[in-house]
Colleague: 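Take a look at this one; I'll ask things after.
Each chain gets a letter, A, B and so on, in the order its sequence line appears, and its residues count up from 1.
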Amino acid sequence: MSKDRYNFREAEPKWQKAWEEAGYARASEDDDRPKFYVLEMFPYPSGRIHMGHVRNYTLGDVLARYKRARGFNVLHPMGWDAFGMPAENAAMDKGVHPKKWTYDNIAHMKGQLKRLGFSLDWSREFATCDPEYYKHEQAMFLDFMKAGLVERKKSMVNWDPVDQTVLANEQVIDGRGWRSGALVEKRELEQWFLKITHYAEDLLKGLDELKNWPEKVKLMQRNWIGRSEGVRFTFELRDEQGNPWPERLPVFTTRPDTIFGASFVALSADHPIVKALAEKDADIAAFRRECAALGTSEEAIEKAEKKGIRLPLNAVHPFRPDVLLPVYAANFVLMGYGEGAIFGCPAHDQRDLDFARKYGLPVIPVVCPKETPPEKCEIGDEALTDSEGDDLVMINSDFLNGLTPRQAKEEIARRMEEMGIGERQVNYRLRDWGVSRQRYWGCPIPVIHCPKCGVVPVPKEDLPVTLPEDVTFDKPGNPLERHPTWKHVKCPQCGGEATRETDTFDTFIDSSWYYARFCSPKAEEPVDLEKAKYWMPVDQYIGGIEHAILHLLYSRFFARAMKDTGHLHLKEPFAALFTQGMVLHRTYRTESGEWVEPALVGQREDGSLYHIETGEKIIAGAVEKMSKSKKNVIDPENIVEQYGADTARWFILSDSPPDRDFEWTEAGVEGAWRFTQRVWRMINTIADHQPPAERPETFSDAAQGLRKAAHRALKAVTEDIEALRFNRAVARIYELANAISDFLKSHAKDMTADQAWTLHEAARLMVQMFSPMMPHLAEECWQALGQEGLLALRAWPEPEEELLEEDTVTLPIQVNGKRRDEIVVPKSMPNEEIEALVLQRDAVKRAVGDKSVRKVIIVPGRIVNVVAK
RNA sequence: GCGGGCGUGGCGGAACCGGUAGACGCAGCGGACUUAAAAUCCGCAGGCCUUCGAGCCGUGGGGGUUCAAGUCCCCCCGCCCGCACCA
């Protein structure tokens, strides 16, 4: 290879082949070394990899390669999250079968990943749409059923009345179906649920043990689970004539202390009482329809204006029998939480306040800061929601007056229990996981519906229940439902005519246990426990923050369910979690507002932008997440083609901390590209200086300086890689490269033996340091430096301790907190001596002026601050 | 709406546990080399002011704690992520 120009087109395939032949990325359980399981969230096979994948898998690959060099037996597998809606959309739009579309995409993307040089153990690859994978999923579901973790109940879906199809939330746009444009309705269907709430407490407690998870993710999960302690109690209801209603109304509240501030009661529009009343009242029925048009997403419901309708009912205040509270149906009360009914206390809940103001209901403050006189305690536009402060006191509340809200909660709970109308209750926001999907391209749910026997599980020996391939997507709805023969089977129990379940699983199930399958991808059972015991848990999991709640919570749930059914031995699958940021790119538009892809944007001398094909003026827009709709997408394939894998990897690691968003820029890749070329030239220059075979006895000052720089860089880079601070590691490597350049410049002409030796040492260390990031270039450099064998197989170097120490230290000197001077002192200098030295300095004297020195603060090794007044 | 996060030069970022703000890279400017350009190499570089000693201002905005605040506390603004059928 040319010494002037690094040819990645030649080098990259060569080293990829060499690693493969060496079995570099193959993982085996039969190994004495400690194990390390690094896993990145597997991709959906959309067709092409995108920059987000490049970033994700580069982060993981750096760690995998580093850990191998550190003596770990590393498992770094890859697979495909292959079921899901896009395959069906492609079938509808382009007429291609979901299976063909998916497997073609996988083949293409696999090639792309290989060209990026990721050290993945491809022998463990699988796709979740392989019957070999999903048959185990079906088997586990049957075991979950036996263990009582599965339930069948009614729940709401978005229904498109024109397409006669169930819609995903993302397919509902402003309350209308994305294809038909029809107003979406809510519809109740019998569906399968996994009882994640069974583990609510355990999932919450388990978070405390996850020391290497980001606090923000744990906090989000805690809030999602939403444990709350409160009281469930019942109201007596009366109709408009004052006659008692046959049943009492149960409500749940976390704020029983505010009961004397109650000014209304609100029921969910889907509450059985509201449903019953709607039968006889057109207005209530209309209100229910209005609520149904909001769809099923909590976001849409909460964003909507708070609205309600008065029901012909009143509720009797439990402690003031003469007070009747009006009862409403309200759009912000969720049927799925608590009892689907609340009492409203406008003074101390924002939603209740908004509602009360809209309908002219009284706002009675019952909690008041202690220092405020009760008669001055007023509520404006903002409710006073705090109930924990000891500086709060109950007012307007009969026997509660004078207590803190905390005491009042206790007192009310006690009295309600005494009266027999309520009890304390722990409630969770977390709902059971609805896993039924009315779609074709998913894992079939392995049950049969028999008119005589009811729901009958498919016997395990009949698994997998596979998808029929002769299906069409020319009509809306689920092809499994209308397939002529597939669903018709004999009942396994009575042998009579029966039908298969035509719903398939939520694809989140597929991704809730794949990490365990990678331990034994060919096992006869879902997971080979011996192998799982060796590899699990995942030591480092890496993926996007967008999965902070659902995917990660479902996976934690699945591990628990698998443990309880004997399929896994631990509850927490991911020992450490890292959440990467998104990849962004600037957007461009023409003056008429059309998006333009970055490749078509040219820049003139004066900096103005133009369309390179049409010459139109182009306006630069915001830097945003890469998305097809805004055309600000850079295809990794083009980047690898133009610059090679190492440049792409290096750039994506270099600019931003991995957990923050990353802006892809042309200039940035160019910079990374130049660095690869600069390194290659530098290494070849160094190779020309033959080092002595033996390590020199002594080193010149210059050589010693370079050795210190190299070993310090090694220490810093090692720490940065361990902490996944790859951008800092990159900066340290740049610094070392600069130090080596400087050294070469000043000593190239009359290089002594010790200097040549030092140069080679520094060069080897630098190459090793960037080898996890730019593995191909590193191998090529390693060879150029005359080293034998694959660098990938070499142990990570250790810095020499004595080169890391410094005997002097530079201390900045502040006077009253402002930096005025600095001194260089021996590390061992006692504080009194430092103080004396500092006070003699001209700059210090000048800054002190005619004030007198009150104190001198010395932080050893860091700073001196002179306090003068 | 609710929950979570982020905000530092022209740009991406660095700054450990409260201790020199701006490492490193990108872009820029000046110079060398070249017939020329590219590439490469060297140098400069937060802002203001300057009598060239220095000084003042500066980490989204406002307040506070401290000898010392990008970092801790309170309030506000902007952007991003999630909200249970996108993956």
Side-chain angles (χ1 to χ4, degrees), chain A residues 4 41 43-44 46 81 83-86 157-158 166-172 196 214-217 219-220 222-224 226 296-306 332 336 350-351 354 430-439 506-508 511 544-551 553-554 579 581-582 584 622-625 651 654-657 659-663 665-668 670-672 674-675 677-678 681 719 725 727-728 730-735 738 741 745 810-819 821-822 843 846 854-857 859 861-868:
Chain A
D4 297 329
M41 291 177 184
Y44 179 80
S46 57
D81 189 13
F83 275 135
M85 289 199 304
V157 295
N158 300 308
V166 176
L167 297 177
N169 281 338
E170 75 156 5
Q171 298 172 322
V172 180
I196 188 170
E215 280 305 321
K216 61 178 173 185
V217 174
L219 193 55
M220 280 191 257
R222 275 190 196 104
N223 290 336
W224 187 260
T296 60
S297 100
E298 195 164 298
E299 183 189 0
I301 292 165
E302 295 232 358
K303 265 189 194 156
E305 189 195 356
K306 308 288 167 285
F332 62 93
Q350 194 58 49
R351 288 180 302 188
D354 296 345
L430 182 67
R431 310 198 294 259
D432 278 331
W433 177 11
V435 296
S436 297
R437 297 291 180 271
Q438 295 69 40
R439 302 188 200 293
D506 178 6
T507 58
F508 268 125
S511 55
I545 185 70
E546 66 273 19
H547 295 292
I549 297 175
L550 293 181
H551 162 61
L553 195 61
Y554 290 149
T579 55
M582 295 180 301
L584 317 178
V623 176
E624 292 185 62
K625 178 179 181 172
F651 174 50
S654 66
D655 255 22
S656 294
D659 56 345
R660 273 210 242 164
D661 289 350
F662 175 91
E663 187 189 349
T665 59
E666 275 307 302
E670 293 281 351
R674 280 198 299 271
F675 184 68
Q677 295 299 331
R678 181 178 161 213
R681 283 193 306 271
E719 287 168 1
R725 294 185 299 232
N727 60 317
R728 294 209 329 192
V730 166
R732 298 286 92 85
I733 292 168
Y734 271 113
E735 278 176 331
N738 292 343
S741 290
K745 227 175 301 161
T810 304
L811 289 179
I813 302 169
Q814 296 180 333
V815 176
N816 288 337
K818 284 186 193 289
R819 186 184 171 282
D821 199 4
E822 63 179 38
R846 198 167 46 236
R854 290 293 164 88
K855 212 182 344 177
V856 178
I857 293 162
V859 184
R862 305 233 53 158
I863 202 166
V864 180
N865 193 7
V866 177
V867 186

Colleague: Specify the glycosidic conformation (syn or anti) of B:G9, with syn defined as within 90° of 0.
Modeller: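 It is syn.
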Colleague: Rounded to the nearest 0.5 Å, how far does CG of A:L553 lie from CE of A:M220?
Modeller: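 Answer for the CE-CG pair, A:M220 versus A:L553, is 12.0 Å.
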Colleague: Is it true that a side-chain atom of A:N816 and a backbone atom of A:A868 form a donor plus acceptor pair closer than 3.5 Å?
Modeller: yes
Colleague: Is any side-chain heavy atom of A:R678 less than 4.5 Å from a side-chain heavy atom of A:S741?
Modeller: yes
Colleague: B:C67 and B:A14: how far apart are their C1' atoms, nearest whole angstrom?
Modeller: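 Straight-line distance between the two C1' atoms is 26 Å.
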Colleague: What's the spacing between A:Y44 OH and A:M85 CE if we round to 0.5 Å?
Modeller: 9.0 Å
Colleague: Rounded to whole Å, please give me the gap between CD1 in A:I813 and C1' in B:G19.
Modeller: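 Those two atoms, CD1 and C1', are 14 Å apart.
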Colleague: Determine the Euclidean distance between corresponding P atoms of B:G55 and B:G60; express it in Å to zero decimal places.
Modeller: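 Looking at atom P only, B:G60 and B:G55 are 25 Å apart.
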Colleague: How would you label the glycosidic angle of B:C17: syn (within 90° of 0) or anti?
Modeller: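 Syn conformation for B:C17.
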Colleague: Is A:D821 reaching over with its side chain to a backbone N or O of A:I813, donor-acceptor style, under 3.5 angstrom?
Modeller: no
Colleague: Can you list the steps and then say if A:I545 with A:D659 is a side-chain contact (heavy atoms from CB on, under 4.5 Å)?
Modeller: CA-CA 9 Å; A:I545 185 70; A:D659 56 345; over 6 Å; no
Colleague: Quick one: CZ on A:R862 to OG1 on A:T810, what's the gap to the nearest 0.5 Å?
Modeller: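 Result: 12.5 Å between the selected atoms.
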Colleague: Could you work out which one of B:G13, B:U20, B:G1 sits closest to the side chain of A:P812?
Modeller: B:U20
Colleague: Under the 3.5 angstrom rule, does the side chain of A:D661 hit a backbone N or O of A:M582 as a donor-acceptor pair?
Modeller: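 Checking the backbone N and O of A:M582 against the side chain of A:D661, a donor-acceptor pair under 3.5 Å is found.
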Colleague: Rounding to the closest angstrom, what is the interatomic distance between B:C44 and B:G9 at atom C1'?
Modeller: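 Approximately 15 Å lies between the C1' atom of B:C44 and that of B:G9.
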Colleague: Is there a donor-acceptor pair closer than 3.5 Å between any side-chain N or O of A:D432 and the backbone N or O of A:I196?
Modeller: yes
Colleague: Since syn is defined as within 90° of 0, does B:G53 count as syn or as anti?
Modeller: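 Classified syn.
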Colleague: Rounded at 0.5 Å granularity, tell me how far CE in A:M41 sits from CG in A:D81.
Modeller: 11.0 Å
Colleague: Sequence neighbours left out, what passes salt bridge (Lys or Arg N to Asp or Glu O under 4.0 Å) with A:E666? Give chain and number order.
Modeller: none
Colleague: Would you mind building the protein contact string for nucleotides 80-87 of chain B? One character per nucleotide, 5' to 3', B for base within reach (heavy atoms under 4.0 Å), S for sugar-phosphate only, - for untouched.
Modeller: SSSBBBSB
Colleague: When the C1' atoms of B:A45 and B:G25 are considered, how many whole Å apart are they?
Modeller: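 15 Å, rounded to whole Å.
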Colleague: Can you give one letter per nucleotide of nucleotides 65-77 of chain B, going 5' to 3': B for a protein heavy atom under 4.0 Å from the base, S for sugar-phosphate only, - for none?
Modeller: --BS---------
Colleague: Would you kindly give the CD-to-C1' distance between A:E305 and B:G1, to the nearest whole Å?
Modeller: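 Computing the A:E305:CD to B:G1:C1' distance gives 12 Å.
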Colleague: With a 4.0 Å cut-off on N to O distance, would you call A:E546 and A:K625 a salt bridge?
Modeller: no
Colleague: Rounded to whole angstrom units, what separation is found between the NZ atom of A:K216 and the P atom of B:C6?
Modeller: 7 Å
Colleague: In whole Å, measure the gap between the C1' atoms of B:C76 and B:A23 for me.
Modeller: 33 Å
Colleague: Under 4.0 Å between a side-chain N/O of A:R660 and OP1 or OP2 of B:A14, yes or no?
Modeller: yes
Colleague: Rounded to the nearest 0.5 Å, what separates atom NZ in A:K855 from atom CG in A:N865?
Modeller: 9.5 Å
Colleague: Pairing of RNA chain B as dot-bracket, 5' to 3': ( ) intra-strand, [ ] crossing, | other strand, . unpaired, with Watson-Crick or G-U pairs under 3.5 Å?
Modeller: (((((((..(((......[....))).(((((.......))))).(((......)))..(((((..]....))))))))))))....
Colleague: What one-letter contact string describes nucleotides 23-28 of chain B from 5' to 3', where B marks a base within less than 4.0 Å of any protein heavy atom, S marks contact via sugar-phosphate atoms alone, and - marks no contact?
Modeller: BSSSS-
Colleague: If the P atom of B:A87 is compared with that of B:C79, how far apart are they to the nearest Å?
Modeller: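 Between the two P atoms, the distance is 29 Å.
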Colleague: May I ask you to check whether A:F651 and A:F675 place their ring centres under 6.0 Å from each other?
Modeller: no
Colleague: Could you tell me how far B:C16 sits from B:G78 if I compare only their C1' atoms? Round to whole Å.
Modeller: 30 Å
Colleague: Distance check, C1' atoms only: B:G12 and B:U20, in whole angstrom units.
Modeller: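 23 Å, rounded to whole Å.
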Colleague: Passes side-chain contact (heavy atoms from CB on, under 4.5 Å), A:F332 versus A:I301? Steps please.
Modeller: CA-CA 7 Å; A:F332 62 93; A:I301 292 165; 5.5 Å; no
Colleague: Do A:Q438 and A:S436 have side chains that approach each other closer than 4.5 Å (heavy atoms only, starting at C-beta)?
Modeller: yes
Colleague: As an exercise, state the distance from CG of A:N169 to OG of A:S297, rounded to the nearest 0.5 Å.
Modeller: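 Spacing of CG (A:N169) from OG (A:S297) equals 5.0 Å.
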Colleague: Can you build the contact string for nucleotides 49-60 of chain B? Use B for base contact, S for sugar-phosphate-only contact, and - for no protein heavy atom under 4.0 Å.
Modeller: ------SSS---
